[in-house]
Amino acid sequence: MTLPSWQDEKFGSKTRAALWLEAEVGEGNVFTKTRLREAFPDVAQIDRRMRDLRDHGWTIHTRREDPSLKLEEQRYVKKGAEIWLPGQAKVDRSKSSLTAAQRTKVMAADSFLCRSCGIGAGESYGDGGQDSQLDVARRRVLLGGGLEEVQLVTECNRCRVGGRGREVDLVAVIDAWKDLMPLEQRIFAGWVDAGERKLSDLEKLWGVFRSLPESARETVRQAIQDGNE
């Protein structure tokens, strides 16, 4: 099906921005704010109209979601609803942006820690890359009995990008705890009560190692072999 022209002014600026992404950028590709503004010189808030596409299921990453992007860059990841078609412009409220108060409430409940890797805001990953940034992600939770719901959880940007589509089965988690030995159950219960499990230096070192590129991992592996000879 032929797309309407993104330059057709019978459409609103948000719809034209969506058509521009499809026609001029393409899924998976990067564009800059300057390029966007040059395409829509007469639209004062074209940046906001572009952000509004997220309410329709469009996925557009900034540096917050994808640390490989430069400050002025965004990546068009995935098309959402074809809002230029009749009946397709209804907002998907399940994906609407959270308010600042909602974000703060979720992060406070999660002790301002990434619930996937445990890192705090602004902390170093130990690999020389950009320090962590925290945000709120949506996680599909299977409750048992065929029930499920989407719950909010704090994650760092690295874990958010790598864990999209992740889900958790609560029944499986509880069953796994029941299968532990009594001592292991008590240890795990202690971690739950404390709300944390402090990593040993050995575990921290492993976390750094597994984040290294293949060539760097091989260098460390060789150094270990040389040290054991």
Are the side chain of Ser132 and the backbone N or O of Glu123 linked by a donor-acceptor pair below 3.5 Å? yes
Between Leu212 and Thr219, is there a side-chain heavy-atom distance shorter than 4.5 Å? no
Is any side-chain heavy atom of His56 closer than 4.5 Å to a side-chain heavy atom of Lys14? yes
Using a 3.5 Å distance criterion without hydrogens, assess whether the side chain of Arg49 forms a donor-acceptor pair with backbone atoms of Ala17. no
Ser111 side chain to Leu113 main-chain N or O, any donor-acceptor pair under 3.5 Å? no
Considering only heavy atoms from C-beta outward, does the side chain of Asp135 approach that of Arg103 to under 4.5 Å? yes
Does the distance from a Lys or Arg side-chain N to an Asp or Glu carboxylate O, for Asp66 and Arg75, drop under 4.0 Å? yes
Rounded to the nearest 0.5 Å, what separation is found between the CG atom of Asp169 and the CD1 atom of Ile174? 9.5 Å
How would you list all residue pairs meeting salt bridge (Lys or Arg N to Asp or Glu O under 4.0 Å) that involve residues 27-48, not counting sequence neighbours? Arg37-Asp47
Polar side-chain atom of Gln185 near backbone of Trp177 as donor-acceptor pair, under 3.5 Å: yes
Without swapping roles, check the side chain of Trp58 against the backbone of Lys78 for a donor-acceptor pair under 3.5 Å. no
Taking only residues two or more places apart in sequence or in another chain, which ones pass salt bridge (charged side-chain N to carboxylate O under 4.0 Å, His left out) with Glu214? none
Side chain of Arg16, backbone of Glu9: donor and acceptor closer than 3.5 Å? no
For the atom pair CZ (Arg54) and OG1 (Thr59), what is the distance rounded to the nearest 0.5 Å? 9.0 Å
Checking side-chain contact (heavy atoms from CB on, under 4.5 Å) between Trp6 and each of Trp84, Phe40, Phe11, which is the one that passes? Phe40
Distance, nearest 0.5 Å, that separates OG1 of Thr32 from CD of Glu73: 7.5 Å
Quick check: does any side chain N or O of Thr62 sit under 3.5 Å from a backbone N or O of Gln74, one acting as donor and the other as acceptor? no
Interatomic distance, CG@Leu19 vs CG@Asp8, rounded to 0.5 Å, equals 9.0 Å
Would you give the length of the straight line joining atom CG of Leu3 to atom CH2 of Trp20, rounded to the nearest 0.5 angstrom? 14.5 Å
